[in-house]
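Just so we're on the same page: letters track the sequence lines, and every chain starts at 1.
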Amino acid sequence: MIGVLEGELGNPESLHDSARAPFAALEEARAAVAALVGADPDGVVFTAGDVEARNLAVKGIWSANRHRGVHLVTTAVEHDSVINACRALQRVGAELTVVPVDRDGRPDPTALAAAVRDDTVLVSIAHAQDEIGTVQDVAALCAAVRARRDDVAIHVDCSATAGLLPITADVWGCDAISIGGGTLRGPRWAGALWVRPGTRLHPLVDGGAQEGGKRAGHHDLVGIVGLGVGARLALDDMAMRASAMTAGAATLIEGLLTIDGIHVNGPRVGRIPGHVQVSVDGVEGEALTLMLSAGGVACSPGSACSAVGKSSAILEAIGHTPPRTLSAILFTLSHETTADEIRVAVDVVADTVGRLRAMGVRE
Amino acid sequence: MRIVDALGTWCPVPLRLIARALPEVEPGACVTVLADDPLIQVDLPAWCYDTGHELVSLEEEPGGFRGIVRRRLA
């Protein structure tokens with residue numbers, strides 16, 4: 001990224017010589033992202049982060065297929081940018097079915113397929129739930145939908161797993177995959193949507209012919225290059241990173257469960273590597289997050305991307321009720337998180353929870 | 001056949017996408033164009049006339065238009 005900032009910052013869409021290096025960098029990043037999702041580079045559309053990528057998938061596919069139907073299917077544990085994109089489309093005529101999930105946050109493939117109607121144009125599911133960490137059986141979900149109808153588009157939101165778990169567009173048989181830079185340890189403001197050639201997609205941003213006309217406007221070349229490098233490094237190191245992060249999460253869970261009144265949310269196995277969400281009896285998640293930050297421990301109330309204290313809709317979807325839905329905090333480890341850092345974090349959590357409970361700051 | 005997906009774009013963007021794609025196929029070879037801006041019915045024949053590429057067909061289909069353009073030989 002620094003190399004791009006220090007080098008030629010020509011417009012990669014231009015015809016003059018200073019466009020060549022930026023264009024080559026753009027296409028190198030496209031190839032890296034395509035390799036990460038196991039797909040062809042021609043289908044990659046760069047976006048400003050994963051939220052835009054999800055919006056582009058949901059709104060763009062629905063809009064381009066309105067002549068075939070207006071129905072959308074998703075699950076009760078999708079990211080806000082999927083759920084709210086669906087809700088926005090309901091204002092302009094879309095019909096939405098939200099499939100419930102079990103106590104671990106998993107939809108039943110049969111129920112997902114049963115929700116598909118003759119006028120369904122898109123099924124949107126996530127590779128993993130970004131709050132409770134549940135990894136879905138995407139292959140089984142896609143197969144169930146395909147058995148019901150083979151001409152409905154399937155979008156898989158991989159923003160919580162990109163670079164951490166294998167993404168296999170062709171094995172899954174899906175039509176669109178969204179990713180962001182965060183899990184790649186790249187720029188969070190950069191993202192991409194891969195769309196299988198032949199899948200009808202309208203742009204969200206109208207204008208010129210950038211990104212094949214699917215995302216107009218000048219490229220954020222610095223962010224895109226960072227996304228590409230992040231994708232390449234993550235693909236190379238995925239097994240090592242995932243192993244270290246899974247082990248670190250297990251250690252963290254083990255330590256946190258020594259504290260009275262802490263409950264792990266989501267399944268104990270089949271989680272996003274390095275992903276630990278717990279609810280803490282007798283304290284409120286936002287207050288705990290702020291106190292932990294003062295103690296040098298970074299976590300988030302609810303989900304990692306939106307630090308607003310509120311009852312978690314995801315925890316409600318898997319059957320929990322207040323106060324547990326208000327007292328959740330999320331830790332996300334990296335492969336570089338050390339055992340000492342985890343031990344210190346557990347000690348700080350134990351101390352902080354004790355002080356908050358003594359102060360009577362309750363949910 | 002190479003497909004130029006111009007769905008959702010507004011003229012003249014479909015023409016720019018076609019212009020980019022044609023050099024990537026052999027002279028005399030064809031590309032398929034998908035578009036849903038109704039102006040494609042006017043712009044594509046005119047652009048082909050101006051540039052010397054052959055508009056083999058342009059037909060309305062559910063959700064838009066499908067055209068076939070043959071790259072000029074020279």
Side-chain angles (χ1 to χ4, degrees), chain A residues 11-15 19 23 26-27 30 40-45 47 55-70 89 92 118-119 121-122 151-153 175-176 193-218, chain B residues 1-27 29-53 55-72:
Chain A
N11 179 359
E13 295 282 321
S14 295
L15 297 176
F23 180 79
L26 184 69
E27 295 312 304
R30 197 182 309 280
D40 188 274
D42 285 349
V44 174
V45 179
T47 62
N55 269 267
L56 177 58
V58 173
K59 295 175 181 173
I61 291 174
W62 183 83
S63 172
N65 287 281
R66 282 196 70 170
H67 62 288
R68 298 174 55 229
V70 296
L89 291 176
V92 291
D118 290 345
D119 64 339
V121 294
L122 175 68
D151 60 344
V152 63
D175 303 289
L193 176 69
W194 169 80
V195 182
R196 186 179 297 283
T199 300
R200 296 173 64 96
L201 178 77
H202 277 174
L204 288 183
V205 181
D206 293 307
Q210 294 92 348
E211 296 302 290
K214 303 304 183 187
R215 207 283 186 177
H218 288 301
Chain B
M1 189 184 304
R2 169 77 186 265
I3 294 177
V4 178
D5 175 1
L7 293 168
T9 68
W10 306 99
C11 288
V13 172
L15 304 181
R16 289 193 59 194
L17 297 174
I18 297 165
R20 277 186 196 172
L22 280 174
E24 297 173 10
V25 303
E26 295 295 320
C30 294
V31 299
T32 296
V33 181
L34 303 178
D36 49 11
D37 177 1
L39 276 180
I40 197 75
Q41 299 170 98
V42 176
D43 282 7
L44 186 56
W47 182 81
C48 287
Y49 179 82
D50 284 347
T51 57
H53 301 296
L55 179 60
V56 177
S57 62
L58 178 61
E59 296 176 353
E60 189 164 2
E61 63 179 17
F65 302 87
R66 180 180 295 263
I68 295 177
V69 177
R70 187 188 312 279
R71 182 182 171 186
R72 69 184 179 215

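- Both the backbone and the side chain of Ala209(A) have a heavy atom closer than 4.5 Å to some heavy atom of chain B.
- When heavy atoms are compared at a cutoff of 4.5 Å, Asp36(B) approaches chain A solely by way of its side chain, counted from C-beta outward.
- Remark: Asp151(A) pairs with Arg68(A), Arg149(A) by the salt bridge (charged side-chain N to carboxylate O under 4.0 Å, His left out) rule, at least two apart or across chains.
- A side-chain donor-acceptor contact under 3.5 Å links Lys214(A) to the backbone of Leu7(B).
- Annotation: Glu26(B), atom CD; neighbour count of heavy atoms from other residues, nucleotides and ligands within 6.0 Å does not exceed 12.
- Taking a 6.0 Å sphere around NE2 of His67(A), one finds it holds more than 12 heavy atoms contributed by other residues, nucleotides or ligands.
- In terms of heavy-atom pairs under 4.5 angstrom with chain A, the leader among Leu34(B), Val13(B), Thr9(B) is Val13(B).
- Thr199(A) and Asp5(B) get closest at one heavy-atom pair: O-OD2, 4.0 Å.
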